[in-house]
Amino acid sequence: MGAARATTYEELRDAITDRYALLPRQLQRVALVALERPHDLALSTIAVLAGAAGVQPSTLVRFANALGFDGFSAMQQVFRKHLIEVSLPYRERIARTRAAHASGGNQPSDILRAFVAESTSGLEHLQGSIAPGILEAAVRLISNARRIDVLAYRRSFPVACYLAYALDQLELAAQLLNGVGGMNEVYARRLGRKDALIVVSFRNYTAEGVAIATDCHARNVPVLAITDGPLSPLKRVARVCLEIGDDGGKAFRSLVEPLCVAQVLVVSVGHRLADRGKAPQRMH
């Protein structure tokens, strides 16, 4: 493809995102792993990664070549450098997660151990996945909004419920769009440029949620998206996008990371309001 070789993780991530639609289907599978599970790409062997992506090992070499690298190892070094920069103990966390899975077992205690290990690993990864400037922009967007609608569907719905409740406890005009009577689109049209829409959605994305966010974006309503990665359809319509990563290969996707982000937003908004002289209520 004649691609220029990226030298940093950020450049490589942008290059993969920009070229994703042009890649053959097999290379797109590798791209998803690279974007959504960069820690795995940094630490795993080419055989393990090929199995995770459902491709042949040679496909990972072709993927690296398409991005301007001489081979897979050269590309992997960019991911490894990033992993070291954001979290030195992460190798140990990954090792614990793999050990938990390797031990197997279907007893409740075994399942608990596996979920705890995955959640711990996910939270460790979360620390390095959202830039401080992006998080600050999200807090500013919420704090400045005259009215806030919060939207989510299916497994993301509990995150929206918490956000709407907690922001209301901060005496902000926050409302949960709960879908009763199929009125979400109607209610969201009340939002104007001084308001905000918070939308939470992960793959597979709900079409109505994407449509509402797209309509708000077209009307210059600020949209804050909490989603999985740069290929999310919400990214292109969000003024601020919090990408927390998500392994779509898991049978049960964790809510630990998005709920953690939601709590960070609420507490941070509370501090900002207090600094303005509007002390938030005590939250229950």
Would you check if there is a donor-acceptor pair between the side chains of [Y] and [X] at a distance under 3.5 Å?
X    : Y    : value
Y187 : N178 : no
Y205 : D228 : yes
E11  : T7   : yes

**Q.** Within 6.0 angstrom of D18 CG, more than 12 heavy atoms from elsewhere
**A.** yes

Taking the side chain as C-beta and beyond, is there a heavy-atom pair between [X] and [Y] under 4.5 Å?
X    : Y    : result
L197 : P222 : no
T227 : V200 : no
F69  : V78  : yes
I134 : V240 : yes
L12  : T8   : no
V199 : I226 : no
R37  : H39  : yes

So, [X] side chain and [Y] main chain: donor-acceptor pair closer than 3.5 Å or not?
X    : Y    : answer
N184 : G179 : yes
Q76  : I46  : no
S143 : V139 : yes
R147 : G192 : no
Q175 : A164 : no
N144 : R140 : yes
E257 : I244 : no
T59  : V55  : no
S232 : G229 : no
S129 : L126 : yes

Same apolar cluster: [X] and [Y], side chain cutoff 4.5 Å:
X    : Y    : result
V150 : I212 : no
L234 : L35  : no
Y9   : L49  : yes

Q. Can you name the nearest heavy-atom pair linking R193 to R219, along with the distance?
A. CG-O, 4.0 Å

**Q.** Least distance between heavy atoms, L151 atom then G209 atom
**A.** CD2-CA, 3.9 Å

